[in-house]
Protein chains: 2
Amino acid sequence: MKVSSKGEYALRSLLVLGQHQGTVMTIQEISEKTLVSIQYLEKILLQLKKLDYVQSKRGAKGGYLLHKSPENIIIGEVIRNLEGPLSPMGCASITQYEPCPLEQGCQLKPLWSLVRDTIAYVLERTTLEDLLLNRIRLMKGEDFVVFKE
Amino acid sequence: MKVSSKGEYALRSLLVLGQHQGTVMTIQEISEKTLVSIQYLEKILLQLKKLDYVQSKRGAKGGYLLHKSPENIIIGEVIRNLEGPLSPMGCASITQYEPCPLEQGCQLKPLWSLVRDTIAYVLERTTLEDLLLNRIRLMKGEDFVVFKE
DNA sequence: ACAATTCCAAGTAATTCTATTGGTTATTAA
DNA sequence: TTAATAACCAATAGAATTACTTGGAATTGT
């Protein structure tokens, strides 16, 4: 159930850019802050640019800037865009459903759908702004309830 | 955020064995029901045996049986045993924590911890019996609440 | 002009995932 | 006792993915 390093690195980059809004950051600077190699970052930032999360300036004094404001960057979407569906199995994916020969009568699919929904519930309601403001609430014990009873 | 096919196949096998409790099933029969190759299943079943979920009988009339009763087979544990931590990132794993150089002050870790906790919440409360009885509740819209307010 | 910096394509190395091959050992039934 | 059945086991091979590298082309500011 891992998130790939590509997703992790993309989020690290967005966070760093979010912490320096208004100033242009070079890939090198982002690399220092995120501990990701310049060459790999390059590819990730290019992807983030195509997805319109960031903006670039070429040439001397160039670099990267956030293009959307943090409250409009939804973490679930970033992950989906960079590494595919949030669903643990294709059969339970809403954005990229894949059929499965076992599907009719499959007793596993409801579980995967439930997992997909819980993950999506969390990640689609979290924005870059939430991360920047440390607005994530950790759950412990009894203050966590999945179903309204 | 995918579950590997090994985990999926293991759960399919346990489900099939759960549907035929009391009767010994050969790998071949399990293969037909799960649509997994005999050779790959062999390896998975061996692992499930070492983990004590199933029991085997060698020789003619041999095959596999569940060894634990379905209500004692916790899905989260099966997945963890077969493919590692439920956590999307090592830094947020409770069972197999891995340190990260960015960790102090990392604004991503709380998110990964939250995701880990939600996934674990679902999978550690689901048993094979729940799957066999189709006792998984799909969430929709407003009957799903993550935090008690 | 020149240095800085993004852009881009291609390739490589490592890892993990999935599956196969070729046998060995234990059990049952005839 | 023999033959058939079926689990056990080790080694490895192929495919896919991930992570990263290389080498240069294009753009911009001074």
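None of the values given here were measured: they were computed from a predicted structure. By convention in this document, chain letters (A, B, ...) are assigned in the order of the sequence lines, proteins followed by strands, and residues within each chain are numbered from 1.
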Check the interface with nucleotides 27-30 of chain C: list each N/O to N/O pair with the protein under 3.5 Å, or write none.
| from | atom 1 | to | atom 2 | distance (Å) |
| --- | --- | --- | --- | --- |
| C:dT27 | O2 | B:Ala60 | N | 3.1 |

(message) Who clusters with B:Leu35? Use side-chain heavy atoms, under 4.5 angstrom, across I, L, V, M, F, W and Y, and order the result by chain and number.
(response) A:Leu102

(request) Using the salt bridge (charged side-chain N to carboxylate O under 4.0 Å, His left out) rule, collect all pairs that involve residues 96-106 of chain B, keeping only residues at least two apart or in two chains. (result) B:Glu103-B:Lys109

(request) Please collect all salt bridge (charged side-chain N to carboxylate O under 4.0 Å, His left out) contacts where either partner lies in residues 48-60 of chain B, sequence neighbours excluded, each pair once. (result) none

(request) Not counting sequence neighbours, list each pair that qualifies as a salt bridge (charged side-chain N to carboxylate O under 4.0 Å, His left out) and has a residue in residues 20-40 of chain B. (result) none

(request) Go through the structure and list residues passing salt bridge (Lys or Arg N to Asp or Glu O under 4.0 Å) with A:Arg135, not counting sequence neighbours. (result) A:Glu129, A:Asp130

(message) I need the residues from residues 80-98 of chain A with at least one non-hydrogen atom less than 4.0 Å from DNA chain C; give them sorted by number, or say none.
(response) none

(request) For residues 75-92 of chain A, pull every pair meeting salt bridge (charged side-chain N to carboxylate O under 4.0 Å, His left out), keeping only residues two or more places apart or in separate chains. (result) A:Arg80-A:Glu124

(request) Only counting residues at least two apart or in another chain, list the ones meeting side-chain contact (heavy atoms from CB on, under 4.5 Å) with A:Lys68. (result) A:Tyr53, A:Ile73

(message) What residues from residues 30-40 of chain A pass a heavy-atom cutoff of under 4.0 Å to DNA chain D?
(response) A:Ser37, A:Gln39, A:Tyr40

Please table the atom pairs, donor to acceptor, closer than 3.5 Å between any side-chain atom in residues 14-21 of chain A and protein atoms at least two apart or in another chain.
| from | atom 1 | to | atom 2 | distance (Å) |
| --- | --- | --- | --- | --- |
| A:Gln19 | NE2 | B:Gln107 | OE1 | 2.7 |
| A:His20 | ND1 | A:Val16 | O | 2.9 |
| A:Gln21 | NE2 | A:Gly18 | O | 3.0 |

(request) Estimate the overall bend of the helix from C:dA1-D:dT30 to C:dA30-D:dT1 from the end axes over five pairs each, rounded to 10 degrees. (result) 10°

(message) Please report the interatomic distance SG(B:Cys106) to CG(A:Leu11), rounded to the nearest 0.5 Å.
(response) 10.0 Å

